[in-house]
Amino acid sequence: MSLFRNLISILFLASFSSQANTSLKIEGLSGELEQNVSLFLASYTASDISGSLRFQARLQKDIETALQALGYYDSELSFNLIEGRSRNTLQVTVKPGDPIRIAIADIQLTGDASDDRQFDRVLRQEAPAVGEILHHGKYDDLKRSLRSLALRRGYFDADFSLSRLEVIPELKQANIHLHFDSGTRYKFGNVTFSGQQIRDEWMQSLIPFEPGKPYLASELGEFNQTLANTNWFSSISIEGDTEQLADFTLPILVKLEPRLRNSVETGIGYSDVTGARIKLSWFKPWLNDRGHSLNAKTTLSTSEQNLEASYKMPLLNAASDFYQFQYGFGLKDFTLQNDVRTKVSNLAVERHWLLQSEWYRTASVRWLYTETTEFDQQNTSNIVMPGLSYSRSRQSWGNMPRSADRLLLAIELSDKRWASDANFIRLRGRAGWIGSAGRDHRFVTRADAGAVVGAALEDLPPSLRFFAGGDNNLRGYGYESLPIPSDATDFIGGRYMATASLEYQYRVRGDWWLASFVDYGSAWTDSPDFKRGVGLGIRWGSPVGPVRLDFGYGLDSGERRAFQIHFALGPEL
């Protein structure tokens, strides 16, 4: 009896070893057919594969199912088990045969959607045509697309009155009968708010649609984003009131919870320019039922001390129009780079509009008072500057957006007729673009330029002059280290500035990327002395935005220590 058991065990182990040492080879397929068969067989493990008749029957069924999904119902399979010294190979030769082609494409659209261009586009792009090879996946995708589009565009009663796919393998034909009845399109009803601390007139101004307008899910998404952008609420819930449906009108319920009235944040950092740095910010997201807010922050370091405060006052169109009052006071010591110290007071009044073209327009009046000690010379300046700027920023979703662009054009004027110490025009322009190729390749480009026309440069405070160098400007060079003052000058900065950057990023894994970049540009007064910076970097798509660590090398720095480390958190443009 013991001998019999040992014999059974030896035969079982030999059989298992033979199965585990069998590989699978599929021949005769290419392109989409080969890919679909591979997907069907992806669940097989090495221990599943054997040369047994049971496995061959299972394999034949899976391959035939994969081919039928693409319209090939007349396939032929032959098996050949090739024995080797240590490993066997099960070779499967597949002849897919002639495909099934569509003979009848009876696709009908009734209801209000028959006049909807979005449905016409789906049918033009996805509906199968007579003579095409039957593709079950595309047929199912069309049905899903119609249902999904109906929900997004308010056809809540939509359904298929007829949905039938007839396959006749003997004739190599398929007949599609697909009748989609959308019914009546629903409209937006009245919007009811609950839990809000902001007066109703301001809340109503945030609604991007009007009662009676055809329903669009995307406008509810826009509404949700607009409410979030106000920073007034800690919780936002938007839903349709299905219990109050009447006359194909869907009322909207918005449930809100106010955000805490005070928010305090602290931070610690370090850089070669400023040394150790401490940050403290205080934010009051809403002060009253009109949504006024207050934001104050201070930054303290060895070379810089800044205090800034801003008061935002939304107007009746609260989503896009507001006034903003800002005040800032700062002390800056350039002695790490040059013998320059400044004390700056800055007061500004701004009016913001969001135009229908998606551009932000900002009109401002800024008062700037500066006390400067520059190479042992003491100067004061009093500047009053009205200004106008246009900006636009767009990007896709995600912590590392696949596409984005940003544009800024700004002009400020100063004239002695309104109590300024100098006559000049200050111009500034910025542009940036992010693009992607597939999921793993990103490209980032930036350009930045500015000019001061009019007053002598030494009559302008350093904060109105132009500098180059730093993590968002010209990597490989110190922060605002260009232009380098010569022995013949007694001031820093330049009248003009122009920089450009080209960056390539490659996804290593998940939210981690490697980057390589080339930067070019400078700041100057009389003639440009353009500098080049190159380097490598690391990117992390954190929940709060891209985190960037760059190692830049200044090709034209003329210094032994040409390497600079740059760290930044926030938008790349």
Side-chain angles (χ1 to χ4, degrees), residues 191 193-208 221-238 254-267 278-300 305-330 344-355 358-368 386-395 406 408 410 543-545 569-571:
V191 179
F193 295 94
S194 64
Q196 80 277 13
Q197 77 281 23
I198 307 300
R199 62 174 59 182
D200 191 66
E201 302 97 301
W202 265 246
M203 298 303 301
Q204 292 292 331
S205 74
L206 301 174
I207 303 173
E222 179 185 345
F223 187 24
N224 188 88
Q225 186 62 44
T226 299
L227 289 171
N229 289 341
T230 64
N231 288 315
W232 294 335
F233 310 107
S234 62
S235 176
I236 301 170
S237 173
I238 303 176
V254 183
K255 300 177 182 179
L256 303 165
E257 291 184 12
R259 186 172 173 178
L260 294 176
R261 299 193 72 161
N262 291 280
S263 175
V264 177
E265 295 182 357
T266 60
I278 299 175
K279 290 185 177 181
L280 176 65
S281 63
W282 171 43
F283 181 45
K284 292 182 72 68
W286 56 279
L287 294 165
N288 51 39
D289 63 359
R290 295 185 299 277
H292 293 194
S293 62
L294 176 65
N295 190 12
K297 60 182 178 180
T298 183
T299 304
L300 303 176
Q305 299 85 44
N306 293 300
L307 174 64
E308 299 176 8
S310 63
Y311 188 93
K312 184 178 179 181
M313 190 171 70
L315 301 177
L316 186 57
N317 191 1
S320 57
D321 294 358
F322 59 91
Y323 282 103
Q324 185 162 271
F325 304 90
Q326 294 180 309
Y327 175 75
F329 176 79
V344 180
S345 294
N346 184 34
L347 178 64
V349 179
E350 299 175 345
R351 172 71 162 92
H352 294 252
W353 298 266
L354 176 60
L355 307 179
E358 298 184 355
W359 284 82
Y360 258 107
R361 179 175 61 197
T362 303
S364 64
V365 177
R366 185 155 65 113
W367 170 70
L368 186 66
L388 184 66
S389 70
Y390 286 84
S391 64
R392 187 186 68 188
S393 182
R394 303 177 296 187
Q395 72 175 44
R406 184 189 180 196
L408 168 68
V544 296
L569 170 63

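Residue numbers count from 1 along this sequence.
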* Asked: Tell me the salt bridge (charged side-chain N to carboxylate O under 4.0 Å, His left out) pairs involving residues 195-207, sequence neighbours left out?
  ->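 Listed by first then second residue: Arg199-Asp289.
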* Asked: Can you name the side-chain contact (heavy atoms from CB on, under 4.5 Å) partners of Thr226, sequence neighbours left out?
  ->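 Expected list: Leu206, Glu222, Ala319.
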* **Counterpart residues, side-chain contact (heavy atoms from CB on, under 4.5 Å), relative to Tyr327 (two or more places apart)** =>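 For Tyr327 the side-chain contact (heavy atoms from CB on, under 4.5 Å) partners, ignoring immediate neighbours, are Phe329, Ser345, Leu347.
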In the structure I gave you, are the side-chain heavy atoms of [X] and [Y] within less than 4.5 Å of one another anywhere?
{"X": "Ile278", "Y": "Thr299", "answer": "no"}
{"X": "Phe325", "Y": "Met313", "answer": "yes"}
{"X": "Leu294", "Y": "Leu287", "answer": "yes"}

Point-to-point distance, once rounded to the nearest 0.5 Å, from [atom1] of [X] to [atom2] of [Y]:
{"X": "Asn262", "Y": "Lys284", "atom1": "CG", "atom2": "NZ", "result": "3.5 Å"}
{"X": "Leu227", "Y": "Phe193", "atom1": "CG", "atom2": "CZ", "result": "6.5 Å"}
{"X": "Asn295", "Y": "Trp282", "atom1": "CG", "atom2": "CH2", "result": "10.0 Å"}
{"X": "Trp353", "Y": "Leu315", "atom1": "CH2", "atom2": "CG", "result": "9.5 Å"}
{"X": "Glu358", "Y": "Ser391", "atom1": "CD", "atom2": "OG", "result": "12.0 Å"}
{"X": "Asn346", "Y": "Gln326", "atom1": "CG", "atom2": "CD", "result": "7.5 Å"}

* To do: With sequence neighbours excluded, give me every side chain to side chain donor-acceptor pair (under 3.5 Å) pair touching residues 308-323.
  =>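 Sorted result for residues 308-323: His292-Tyr311, Asn317-Ser320.
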* Pro314 versus Trp202, closest heavy-atom pair with distance ->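 In this case the closest contact between Pro314 and Trp202 is O-NE1, 3.5 Å.
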* To do: Considering non-hydrogen atoms only, spot the tightest contact between Arg261 and Asn288 and give its length.
  =>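 For Arg261 and Asn288, the tightest heavy-atom pair comes out as NH2-N, 4.4 Å.
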* Sequence neighbours excluded, which residues qualify as side-chain hydrogen bond (donor to acceptor under 3.5 Å, both in side chains) partners of Arg259? ->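 Testing Arg259 for side-chain hydrogen bond (donor to acceptor under 3.5 Å, both in side chains), a comparison that skips the adjacent residues, returns Asn231.
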* **With Arg361 via side-chain hydrogen bond (donor to acceptor under 3.5 Å, both in side chains) - residues at least two apart** =>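 Partners of Arg361 by the side-chain hydrogen bond (donor to acceptor under 3.5 Å, both in side chains) criterion come out as none, since no residue qualifies.
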With no hydrogens and no angle check, is any side-chain donor or acceptor of [X] less than 3.5 Å from a backbone partner on [Y]?
{"X": "Ser234", "Y": "Pro258", "result": "yes"}
{"X": "Trp232", "Y": "Ile198", "result": "no"}
{"X": "Ser205", "Y": "Leu316", "result": "yes"}

* Is the NZ atom of Lys297 crowded by more than 12 outside heavy atoms at less than 6.0 Å? ->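 For Lys297, atom NZ is not crowded (no more than 12 foreign heavy atoms under 6.0 Å).
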